[in-house]
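Inspection log for the structure reproduced underneath, given as structure tokens.
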Protein chains: 2
Amino acid sequence: MIKAPSPPELRLDNQICFAVYSTAHAFAQAYRPWLEPMGLTYPQYLVMLLLWERDGRSVNELAQPLQLDSGTLTPLLKRMEKAGFVTRGRDDKDERITRIHLTDFGQSLQDQARRIPAAMLCNSGLDLNRLNELREQVQELGKSLRQA
Amino acid sequence: MIKAPSPPELRLDNQICFAVYSTAHAFAQAYRPWLEPMGLTYPQYLVMLLLWERDGRSVNELAQPLQLDSGTLTPLLKRMEKAGFVTRGRDDKDERITRIHLTDFGQSLQDQARRIPAAMLCNSGLDLNRLNELREQVQELGKSLRQA
DNA sequence: TGACAATATATTGTGCACAATTAAATTGTG
DNA sequence: CACAATTTAATTGTGCACAATATATTGTCA
């Protein structure tokens, strides 16, 4: 019994979903040498980016930009609290809300983090303009997929 | 005490790593309506793509193109075996090698899968040419990051 | 042939990611 | 005010992802 060859549109190499999936993992690996010395994982670093922009966010104010839910964030934030990056406490006015605040230590890590973007630009093998164009296209793609 | 504003290169929205990370998750969600009826998760679907191309691969021959290790694949393949998509058995000549073979059921799912790429193309909001260009750029980026 | 290095997979432990559910606080409405 | 609806997090259960380690088989060379 002869088996038909796999159609080209099902080949792994032709899947943009896999290109994105695989490159996402490559990014996490590329960040590791910078993040591990700080004691941060890659998703925790994303949380730090948001808190450096604006401190005292609620879980939802982290979840929305990151597109994550409380099932992911709650244990992640507990680990970050245990590691001394943030504090977790209920909002004074509305006890439903958990507010996340940077510790002095967490705030202080921003100085080290400032060196990362230039290093990653170098690792990317692209110039800043092309990388920004690519970023916008990938952002648009993500947006289309989410509303589809 | 005044806190300096977060530098723009550390803003989450300016990070291509996050655009890729977030779009990868959006893809997994976009595939779900097609994969769930088949009983496949997204990473399992990637394994199926490789097996439809060429059956009887070793764990390593799956691991290399997927950029995953045995710590991820072994339990994933056991779940796929339990679900009836594949069989796992040692190579006759070299007992170190575990060979993965599609079951008839696993092979038969390819027909359903053939309809997925067109649907995802539609979800992407792009035409095939632009999507292919974008895929190649993302693949190149991943390659640069891995060898950096 | 008999150590021993190399290879291939599996195991262990930690940390995401997400669906589904639960629980508590607040808001809106009659 | 009572109380249903809503909002916000936390919990539970399953499935990746990966570093580090362990185990078993094969190849090699003295």
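Given the structure is predicted, the values throughout are model-derived calculations rather than measurements. Each chain gets a letter, A, B and so on, in the order its sequence line appears, and its residues count up from 1.
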Self-check item: Donor + acceptor pair across side chains of Q110(B), S6(A) (<3.5 Å)
Solution: yes

Self-check item: Near-strand residues of residues 11-24 of chain B, defined as heavy-atom separation under 4.0 angstrom from DNA chain C
Solution: Y21(B)

Practice problem: Remember a base hit wins even if backbone is also touched, and classify S70(A) as base, sugar-phosphate or nothing at under 4.0 Å, heavy atoms. | Solution: base

Quiz item: Do E95(B) and R90(B) pass the salt bridge (charged side-chain N to carboxylate O under 4.0 Å, His left out) test, and can you show the C-alpha distance, the side-chain angles, and the key distance before you say yes or no?
Solution: CA-CA 5 Å; E95(B) 294 273 335; R90(B) 294 289 174 172; 5.6 Å; no

Quiz item: Are Y21(B) and L68(B) connected, step by step, through hydrophobic side chains (Ile, Leu, Val, Met, Phe, Trp, Tyr) whose heavy atoms are closer than 4.5 Å?
Solution: yes

Self-check item: Pairing partner of dT6(D) (Watson-Crick or G-U wobble, both distances under 3.5 Å)
Solution: dA25(C)

Quiz item: Is it true that E140(B) and R130(A) make a salt bridge, defined as a side-chain N closer than 4.0 Å to a carboxylate O?
Solution: no

Quiz item: Among all residues two or more places apart in sequence or in another chain, which pass the side chain to side chain contact (heavy atoms under 4.5 Å, CB included) test with Q67(B)?
Solution: S22(A), R146(B)

Practice problem: May I ask you to decide whether R115(B) forms a salt bridge with E9(A), counting only side-chain N to carboxylate O separations under 4.0 Å? | Solution: no

Quiz item: Taking only residues two or more places apart in sequence or in another chain, which ones pass side-chain hydrogen bond (donor to acceptor under 3.5 Å, both in side chains) with R135(B)?
Solution: N132(B), Q139(B)

Quiz prompt | Set of side chain to side chain contact (heavy atoms under 4.5 Å, CB included) partners for S124(A), sequence neighbours left out | solution = L121(A), L126(A), L131(A), L141(B)

Practice problem: State which residues pass side chain to side chain contact (heavy atoms under 4.5 Å, CB included) with P75(B); sequence neighbours excluded, sorted by chain then number. | Solution: R79(B)

Quiz item: Does any residue of residues 58-69 of chain B have a heavy atom under 4.0 Å from DNA chain D, and if so, which ones, in number order?
Solution: Q67(B), L68(B), D69(B)

Quiz item: Sequence neighbours excluded, which residues qualify as side-chain hydrogen bond (donor to acceptor under 3.5 Å, both in side chains) partners of R96(B)?
Solution: D94(B)

Exercise. Could you pick out which residue, T72(B) or T41(A), lies toward the 5' side of DNA chain C when each is mapped onto its nearest nucleotide?
Key: T72(B)

Self-check item: Close residues, residues 81-91 of chain A, relative to DNA chain C [heavy-atom separation under 4.0 Å]
Solution: none

Exercise. Provide the start and end nucleotides, 5' to 3', of the part of DNA chain D that has atoms under 4.0 Å from heavy atoms of chain B.
Key: dG15(D) to dT26(D)

Self-check item: Where at least one partner belongs to residues 87-117 of chain A, residue pairs that pass ring pair (Phe, Tyr, Trp, His ring centres under 6.0 Å), sequence neighbours excluded
Solution: F85(A)-F105(A)

Quiz prompt | Under the side-chain hydrogen bond (donor to acceptor under 3.5 Å, both in side chains) test, residues paired with T72(B) that sit two or more places apart | solution = D69(B)

Quiz item: 5'-most contact on DNA chain D: H25(A) or T74(A), nearest heavy atom basis?
Solution: T74(A)

Report, one line per pair, each donor and acceptor closer than 3.5 Å where one atom sits in a side chain of residues 35-44 of chain A; sequence neighbours left out.
residue, atom, partner, partner atom, Å
E36(A), OE2, R32(A), NH1, 3.3
T41(A), OG1, Q44(A), N, 3.3
Y42(A), OH, C17(B), O, 3.4
Q44(A), OE1, T41(A), N, 3.3

Quiz prompt | Residue mapping more 5' on DNA chain D - nearest nucleotide basis, L73(A) or R79(B) | solution = L73(A)

Quiz item: Starting at the 5' end of DNA chain C and moving along, which residue's nearest nucleotide shows up first, D94(A) or P43(A)?
Solution: P43(A)

